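Report on one structure; see the data block that follows.
Every heavy atom of this structure was used, including side-chain atoms; hydrogens, water molecules and symmetry mates were not. Within every chain, numbering begins at 1; the chains are lettered A, B, ... in the order of the sequence lines, protein sequences first and strands thereafter. Source: prediction; values computed, not measured.
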Protein chains: 2
Amino acid sequence: MGKKNKIKNKKIRNQINQAPLTAVDVVIFTVEEKILKIILIKIKSGPLKGMWAFPGWRVKIHETLDKAAARELYENTTIKNAYLEQLYSFSSVKRDPVGRIISVAYLALVNFIDAKLKTSSRYLDIRWFPVEQIPRLAYDHKEMLNHALERLKNKLEYSNVIYSLLPRKFTLSDLQKAYEIILQKKIDKRNFRKKILSLNLIKKVGEKRGEAYRPANLYSFKKRKFSVAEIF
Amino acid sequence: MGKKNKIKNKKIRNQINQAPLTAVDVVIFTVEEKILKIILIKIKSGPLKGMWAFPGWRVKIHETLDKAAARELYENTTIKNAYLEQLYSFSSVKRDPVGRIISVAYLALVNFIDAKLKTSSRYLDIRWFPVEQIPRLAYDHKEMLNHALERLKNKLEYSNVIYSLLPRKFTLSDLQKAYEIILQKKIDKRNFRKKILSLNLIKKVGEKRGEAYRPANLYSFKKRKFSVAEIF
DNA sequence: CCAAAAGTGTTGGGGATACACCCATGA
DNA sequence: TCATGGGTGTATCCCCAACACTTTTGG
């Protein structure tokens, strides 16, 4: 190996050593059985093998962050069109013991029925966890979760994002419960209905849902598309 | 050069070619002469030479994004402790004609008196520009500016960040003007004073500021530290 | 005494909150 | 007929917005 090549090689190595790599991690929320849940995966190798973390992967050279997050969501849930939003970029120098990796966190909201967890050779395991029963997380993912929860709560209060957590048809009680679960507070039924209906975002469909007792009216969102409006 | 080395070299190259690099860009706001201004630099080389853009640079291997942004701010203004907040990460594949670079945008608020623009060999020029008179910007920096303005306006309405745009002592009229400049709307004087004083964030100091006519009371923030509160 | 900016209160409306009872259905 | 969740209306409060005149100073 010639001296010239040695130098070139060293230069390239330096470039790698001086440049943090970038990854995307996705915090995927759903509501099921009156519980707010997230997807965690079990790390397959490296010093953190066996720990739980959010699904995530390096950003490829030809894809945007949004695309990377959407890919990650799809590969784990088979969901293609969920609500997906960039959260924050995490960059502690020591956050990943393997190397210098900056992680751009994303927030995803999916409805439980559509989300089919897909086991992947990349992970040892993948599961839904209630937000209230989270194991110790790898990296700085606990912090990431806190950011995500904060953002979710805020977003709920000034937008209609909650539509993405619910099935197409739902009762007003379902909707109220979803709000209560995420915001972690009781809401007055009458005030809730007044407010929601006055926003004109949902419409009745047909009177089903007579599981027992008096059947409830079913509603659906007029537009299943993110929009900002005063909600609570 | 042996075959083994060739392969190794190729592998390293691939690693570079497959990994987007990460940079930080800082949108630095100030208010001067009743005008909202930002710092722009003129690009020194490459295909975008001569165009204006936000100051920014690659993230070093040993620094966090916050540190990189603070460094960038310091190198351009000599300011060490301004309000600095991560905005958003931009990642279009073609945003930089030179290569694949993801940019994490930061928002900085400085007061004009403290900010001494420092010419750097990295740029052809550096200047304050009124937000209303911005030249065509390089990269996706126009979009970045829009995000920054949006964030600034929102932040103003639910926090005390504006302290970082003002000198230590100011009159209520100064404060009101700053709000009006950024929010781009007239505010009623009596309602403004009622609201601001009720928040208990500022206190009187001494009655100066008698430039002409009736002298105004000077105020200062009780805490020059970011905090969230309902404002407007 | 005049010009210019500083300073000061009251009123009305809208949205949020608090609160309790009747209704429809299945068993 | 009863148990269960579905569904409805009113009174109050507080925050925000609208609005105009007096005060203090320098020249």
Over 60° means perpendicular and under 30° means parallel, so tell me whether [X] and [Y] are parallel, tilted or perpendicular.
X	Y	answer
A:F112	A:W128	tilted
A:Y163	A:F221	perpendicular
A:H147	A:Y88	tilted

Pairwise distance CD(B:E143) to OG(B:S92) - rounded to 0.5 angstrom: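 Rounded to the nearest 0.5 Å, the CD-OG separation comes to 6.5 Å.
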
Could you run through nucleotides 3-13 of chain C and give me one letter per nucleotide, 5' to 3': B if any protein heavy atom sits under 4.0 Å from the base, S if only the sugar-phosphate is that close, - if neither? BB-BBBBB---

Would you mind reading off the distance between [X] atom [atom1] and [N] atom [atom2], rounded to a whole angstrom?
X	N	atom1	atom2	result
A:I196	D:dT8	CD1	C1'	17 Å
A:K186	C:dA16	NZ	C1'	19 Å
A:K195	D:dT8	NZ	P	19 Å
B:R209	D:dG26	CZ	P	15 Å
A:F192	C:dC19	CZ	C1'	18 Å
A:E157	C:dA16	CD	C1'	13 Å
A:F170	D:dG6	CZ	P	14 Å

Donor + acceptor pair across side chains of B:N146, B:E150 (<3.5 Å):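 Their side chains do not contain a donor-acceptor pair, so the 3.5 Å distance test is not met.
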
Under a 3.5 Å threshold, yes or no: a donor from one side chain and an acceptor from the other, between A:Y83 and A:E85?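 Side-chain D/A pair, A:Y83 to A:E85: present.
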
